[in-house]
Amino acid sequence: GSGALEGLCRAEMAAGHGGLAEVSERARRLLDDPEFLRPVVICGFHHSGTRLLARQLAALGVRQRINLYQYEWTYVVQLNSILEPGCMDPGRLGSGGEAASLVQPHRLAFRMALAGLQPGEPWGFKDPRNGLAAEAWLKAFPEARVVHLLRDPVATIGTLPELYDRFVRLDARRPTRTRFWMDLWQAYVDGARRGMASAAAAVEIRFEDLCADP
């Protein structure tokens, strides 16, 4: 069954980190730790400077598991893409994805235990999609801290590389590339702000202010 398969996967993942029993015990301690239950959820539209913000938070001691050049964690990116499969198309946003229960603290604890996170140590994760999936993250971690980085949309869209144009879908409502990206930018901002409104702790930072006074 699925439980047996998950057990085998966990055993394989833990093999080089002290074994399944040791990693499972570290994960159990994390789940009992109030600090683990309040991760820093970093969000902001693509090319809004979230990588800069995540690096600065890392320098301040916020542990993050990174394995993508965008300074992101594949596991979180995949979860968010499943929760909101329309994340790169404003016409598909909200059309349906997996339920918020897909985000499971015990699975995050096991993976962060593998990464060496210790009880009492702050941690977090950066992904532009975090704002769109904020409901799921806050359901799993009600005490999560949301940090939203906001950048001027004209400047943001102007820095999107050409490879992003593969996501552009023009229609009568969005007849131009600029309109497509402006609508998606607004959806990301609205999603992040909804998450902030229901979060136990949240802050919105302007990219321009961050650059002027890190």
Side-chain angles (χ1 to χ4, degrees), residues 38-74 76-77 79-81 83-84 86-91 93-94 122-138 141 143-170 173-214:
R38 51 196 297 262
V40 180
V41 181
I42 306 165
C43 55
F45 189 65
H46 303 273
H47 282 240
S48 288
T50 51
R51 179 168 22 179
L52 170 64
L53 176 59
R55 284 175 170 169
Q56 289 183 327
L57 288 173
L60 293 171
V62 179
R63 175 73 72 91
Q64 297 161 63
R65 187 167 177 177
I66 307 299
N67 55 16
L68 291 176
Y69 76 92
Q70 303 100 321
Y71 215 78
E72 294 167 4
W73 182 12
T74 304
V76 167
V77 172
L79 283 177
N80 284 336
S81 296
L83 288 164
E84 182 48 84
C87 58
M88 295 304 287
D89 184 349
L93 284 172
W123 71 289
F125 43 89
K126 168 255 181 188
D127 181 21
R129 303 162 191 80
N130 282 339
L132 297 176
E135 177 186 356
W137 290 108
L138 290 169
F141 296 98
E143 299 301 313
R145 294 162 285 185
V146 178
V147 183
H148 178 219
L149 191 60
L150 182 69
R151 185 181 185 184
D152 178 83
V154 175
T156 303
I157 294 170
T159 64
L160 293 175
E162 289 185 3
L163 64 87
Y164 273 57
D165 281 350
R166 72 183 187 274
F167 298 113
V168 174
R169 300 290 183 271
L170 303 183
R173 183 174 178 181
R174 302 174 185 88
T176 66
R177 174 185 183 274
T178 299
R179 183 72 268 162
F180 177 91
W181 289 120
M182 283 294 296
D183 281 3
L184 194 60
W185 178 89
Q186 190 64 61
Y188 273 63
V189 171
D190 291 346
R193 286 176 171 171
R194 283 194 299 271
M196 292 174 63
S198 59
V203 63
E204 183 172 272
I205 303 171
R206 293 189 61 84
F207 170 77
E208 295 78 10
D209 294 339
L210 183 66
C211 291
D213 184 8

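All of these numbers come straight from a predicted model, not from anything done at the bench.
- Shown are Asn130, Val203, Val62; of these, the side-chain contact (heavy atoms from CB on, under 4.5 Å) with Val147 is made only by Val203.
- Contact annotation: the side chain of Asn80 never approaches that of Glu72 to less than 4.5 Å [non-hydrogen atoms, C-beta and beyond].
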Working for side chain to side chain contact (heavy atoms under 4.5 Å, CB included), residues Phe180 and Arg169: CA-CA 7 Å; Phe180 177 91; Arg169 300 290 183 271; 4.3 Å; yes
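- Counting only distance, with no hydrogens or angles, the side chain of Arg55 and the backbone of Leu52 share no donor-acceptor pair below 3.5 Å.
- The closest side-chain heavy-atom distance from Ser48 to Leu53 is not below 4.5 Å.
- For the pair Phe207 and Thr50, the minimum side-chain heavy-atom distance is 4.5 Å or more.
- With a 6.0 Å radius and a threshold of 12 heavy atoms from other residues, nucleotides or ligands, Glu208 has its CD atom above the threshold.
- Contact of the Val146 side chain with the Cys43 side chain is registered, since non-hydrogen atoms from C-beta on lie closer than 4.5 Å.
- For the pair Asp152 and Trp185, the minimum side-chain heavy-atom distance is 4.5 Å or more.
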Stepwise salt bridge (charged side-chain N to carboxylate O under 4.0 Å, His left out) check, Arg179 with Asp183: CA-CA 6 Å; Arg179 183 72 268 162; Asp183 281 3; 2.9 Å; yes
Worked verdict on His148 versus Tyr188 for side chain to side chain contact (heavy atoms under 4.5 Å, CB included): CA-CA 10 Å; His148 178 219; Tyr188 273 63; over 6 Å; no
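- The 12-atom threshold is not exceeded at CD of Glu135, counting heavy atoms of other residues, nucleotides or ligands nearer than 6.0 Å.
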CA sep, side-chain torsions, deciding dist, call: Leu57, Lys126, side chain to side chain contact (heavy atoms under 4.5 Å, CB included): CA-CA 10 Å; Leu57 288 173; Lys126 168 255 181 188; over 6 Å; no
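- Here the side chain of Arg177 pairs no donor or acceptor atom with the backbone of Asp165 at under 3.5 angstrom.
- Proximity of Val77 to Gln70: side-chain heavy atoms (C-beta onward) are nowhere separated by under 4.5 Å.
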Derivation and outcome, side chain to side chain contact (heavy atoms under 4.5 Å, CB included), residues Leu79 and Trp137: CA-CA 10 Å; Leu79 283 177; Trp137 290 108; 3.9 Å; yes
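- Contact check for Arg129 versus His46: side-chain heavy atoms found under the 4.5 Å cut-off.
- Between Phe167 and Tyr164, the ring planes lie perpendicular to each other; the angle is over 60°, past the 30° to 60° tilted range.
- Side-chain atoms of Leu68 and Trp73, non-hydrogen and from C-beta on, never get closer than 4.5 Å to each other.
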